[in-house]
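Okay, so here's the structure we're looking at.
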Amino acid sequence: MHFIRQIVAADVQQGRNGGRVHTRFPPEPNGYLHIGHAKAICIDFGMAKEFGGLCNLRMDDTNPSKEEVEYVDSIQEDVRWLGFDWFGDVRYASDYFGACYEYAEALIQAGKAFVCDLTAEQMREHRGTLTVPGKDSPFRERPVAENLDLFRRMRAGEFADGVRTLRAKIDMNSPNIHMRDPVIYRGLRASHHRTGEAWLIYPMYDYAHPIEDALEGITHSLCTLEFEIHRPLYDWVLDQIPEFFAEAQKKWSALTLTEPARPRQYEFARLAITYTIMSKRKLLELVKSNLVEGWDDPRMPTLSGMRRRGYTPEAIRAFCEKVGVTKYNSVTDFALLEHCLREDLNQRALRYMAVLDPIKVVITNYPEGQVDELDAVNNPADPAAGTRQVPFSRELYVERADFMENPPKKFFRLAPGREVRLRWGYLITCTEAVKDAAGNITELRCTYDPATRGGNAPDGRKVQGTIHWVSAAQALDATVRLYDRLFRVEEPGATDGVDFKTEMNPDSLKILTAKVEPALANAKPGVPVQFERTGYFCADKASAPGRLLFNRTVTLRDSWIKAASKA
RNA sequence: UGCCCGAUGGUGUAAUGGUAGCACAACUGACUCUGAAUCAGUUUGUCUUGGUUCAAAUCCAGGUCGGGCAGCCA
């Protein structure tokens, strides 16, 4: 039972906020959601769901210079895809610009906020340092009437950006820098994606967030650890004029509250995964510099990228549950994510045969021109998935790596004189490896045992290996993209002075042309499939009959590759 | 030399004063028409020093180490 669950459970039991649980997921629409957001989403929506409460989706759009509608749309799509639905309409911080403004005037009236003419640089000087207290602004004691006049003129855009700010009057000597008369409004003559130019001042996060939470009746405001030090300011904002909130909740809230809501902020550690970057700024940089093909490049840790790669919402949710919720800055092994993925995919993915690096095999004792249809099981993990037919003929393709001319003792696959099973097919024995002038193997010649149709020998003899194959004449060409981790170091960007872009894996994408069985002709984009013995894949959004395109989601676990590399 | 927060196997977490458990990873072995899956097993841990207590991962104090904070970003 993680600490947030404990807190919420205790609050419900004690009837705090009338026993209501109401959370919110408040992304800033300045980029696409990533797996780190998935953790937050699972916690925010999960706690509400678990305790019979509600969860709002709120776009935290208080900075028009960074935010775009494209992101607003993608965020909604991603949250829904992950399997969550929010309470009522999507909320926007900008819905509350009016309330924030009214409250700011009330603070001015109460002598708790003032208009400051210090430049950014002067303000930095006055702020002091981590160890040195700050100094009061010379504008701190400006009369209320003057503050009000100036603030209203700021709102009208009368002053250039950066000339004046509205500051909370708290304590320049506070050991917590965020309490040293923080700026709560800045002038910004920018057009906002929703409010246009109705406002030429925008509230700061620390000021707006508690107001938004209170107006929405939020009870538990869950966020990441870096906001912990901001909590005293969050509480300060709510504490100043409680009567304001009692009124504002009636006016601005979609809820009818029986008692004024008093939100509390709780902080948990953000998600970090090995070989992954989780910074929207850095992900944007990859997109802008074309080091990836966009926000939904299947190598990206964005939800849209993972979706395109073939990850399922179920796998991501299971992962988030297993990662846990603590206040410790941990780094989760990427292998745990892959484990959750494979566990889900194993249950649901239909099996197919696809030869990624083909070499031709001629079954010398099989009649020319004859085509047999063999039954193949669609998913051994799910009998209800049924069977399909796979064509078999004299000429096949098998994986180049499934043949070795001079195999080590533990190699179970094809080799001269060695008998193996073709999955769902026949037992075949290799008789010859045909080479070109340069000595490269160009073709294998094998014989088959007609008595072993389906894969079992009537005489009960066993073979150690089973390999996948496709019939050459019926095989379809498919472009296959093999993805590997985007970065080659465990914690990209963690070393001072090293640009994270230089830590990228040059082999994160390999494109090849594979031979796949005909049943894949109409593979639907986004539906997970397993290519037997090689991995889970799904057709890309650009895939279509006649020009098949598959993304590798994740490989199958491969204990042979370990054994082979040891030998 | 400020303030806030944290520390349990390789990794992620549980145990809320009473037998340190689970998962991932790693390694054995069994089974197998995917060297997959499945099954069985093995290795590895309470940052440190004191204190309180019959009993401490847990409570207290000091230390060590790690993270966060000096945007008119969120």
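Just the heavy atoms: all of them, side chains too, but no hydrogens, waters or symmetry mates, feed the values below. All values derive from a computational prediction rather than experimental measurement. Protein chains get the first letters and strands the later ones, always in sequence-line order, with residue 1 at the start of each.
C3(B) is paired with G68(B) under the Watson-Crick or G-U wobble criterion, all donor-acceptor distances under 3.5 Å. In a base pair of the Watson-Crick type (N1 to N3 plus N6-O4 or O6-N4) or a G-U wobble (N1-O2 and O6-N3), with each distance short of 3.5 Å, G35(B) is matched with no nucleotide. If you check A55(B) for Watson-Crick or wobble pairing at under 3.5 angstrom, you find it has no partner at all. Nucleotide C22(B) has G12(B) as its partner under the Watson-Crick or G-U criteria, with both atom distances under 3.5 Å. Using N1 to N3 plus N6-O4 or O6-N4 for Watson-Crick, or N1-O2 and O6-N3 for G-U wobble, each under 3.5 Å, U48(B) pairs with G62(B).
If you take NE2 of H230(A) and P of A74(B), they are 11 Å apart, rounded to a whole angstrom. Taking atom NE2 on H178(A) and atom C1' on C4(B), their separation rounds to 10 Å, with Å as the unit. Nucleotide C5(B) holds its P atom 14 Å from the CG atom of N329(A), rounded to whole Å. Following rounding to the nearest Å, Y328(A) (OH) and C5(B) (C1') show an atom-to-atom distance of 13 Å.
A close approach under 4.0 Å does occur between a side-chain nitrogen or oxygen of R186(A) and OP1 or OP2 of A74(B). For A37(B), one of the phosphate oxygens OP1 or OP2 lies less than 4.0 angstrom from a side-chain nitrogen or oxygen of R557(A). Distances shown here put a side-chain N or O of K562(A) below 4.0 Å from the OP1 or OP2 atom of A26(B). Within the 4.0 Å cut-off from OP1 or OP2 of C73(B), not a single side-chain nitrogen or oxygen of T62(A) is found. Neither OP1 nor OP2 of U11(B) sits under 4.0 Å from any side-chain N or O of T332(A). Between S330(A) and the phosphate of U13(B), there is a side-chain N or O to OP1/OP2 separation shorter than 4.0 Å. OP1 or OP2 of U13(B) has not a single side-chain nitrogen or oxygen of R5(A) nearer than 4.0 Å. Residue R342(A) places none of its side-chain N or O atoms closer than 4.0 Å to OP1 or OP2 of A37(B).
Aromatic rings from Y207(A) and Y185(A) are positioned such that their centres are separated by under 6.0 Å. When ring centroids are compared, F392(A) and W469(A) come within the 6.0 Å threshold. The aromatic ring centres of F227(A) and H209(A) sit 6.0 Å or more apart. A ring-centre distance under 6.0 Å is found for Y426(A) and Y448(A).
No engagement by D161(A) is indicated, since no non-hydrogen atom pair under 4.0 Å with the nucleic acid exists. Using a 4.0 Å heavy-atom criterion, one finds that G162(A) contacts the bases of the nucleic acid, with or without backbone contacts as well. As judged by a 4.0 angstrom heavy-atom cut-off over every strand, A381(A) is placed among residues making no nucleic acid contact. Nucleic acid contact for K280(A): none, since no nucleic acid atom lies under 4.0 Å from a heavy atom of the residue. Using a 4.0 Å heavy-atom criterion, one finds that Y536(A) contacts no nucleic acid atom at all. Counting any heavy atom pair closer than 4.0 Å across all strands shown, E267(A) reaches no nucleic acid atom. Across all strands shown, H209(A) has no heavy atoms under 4.0 Å from either base or sugar-phosphate atoms. No contact: L337(A) has no heavy atom under 4.0 Å from any strand.
Heavy-atom distances to RNA chain B give each of S559(A) and H339(A) a nearest nucleotide, and the one nearer the 5′ end belongs to H339(A). Comparing E28(A) and F3(A) by the nucleotide of RNA chain B that holds the closest heavy atom to each, the one mapping nearer the 5' end is F3(A).
Nucleotides C69(B) and G12(B) place their C1' atoms 27 Å apart, quoted to the nearest Å. Separating the P atom of G71(B) from that of C65(B) is a span of 27 Å, rounded to the nearest Å. For the C1' atom pair drawn from U43(B) and U48(B), the interatomic distance equals 26 Å after rounding to whole Å.
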Worksheet item: Taking it one step at a time, do Y234(A) and H230(A) satisfy ring-ring contact (aromatic ring centres under 6.0 Å, His included)?
Response: CA-CA 6 Å; Y234(A) 182 98; H230(A) 296 238; over 10 Å; no
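Residues Y71(A) and E28(A) have side chains that never bring a donor and an acceptor to within less than 3.5 angstrom of each other.
In this structure, G71(B) is classed as syn because its glycosidic torsion stays within 90° of zero.
L233(A) is not listed as a side-chain neighbour of P210(A), based on a closest heavy-atom distance of 4.5 Å or more.
Between the base of G35(B) and the side chain of R413(A) there is a donor-acceptor pair shorter than 3.5 Å.
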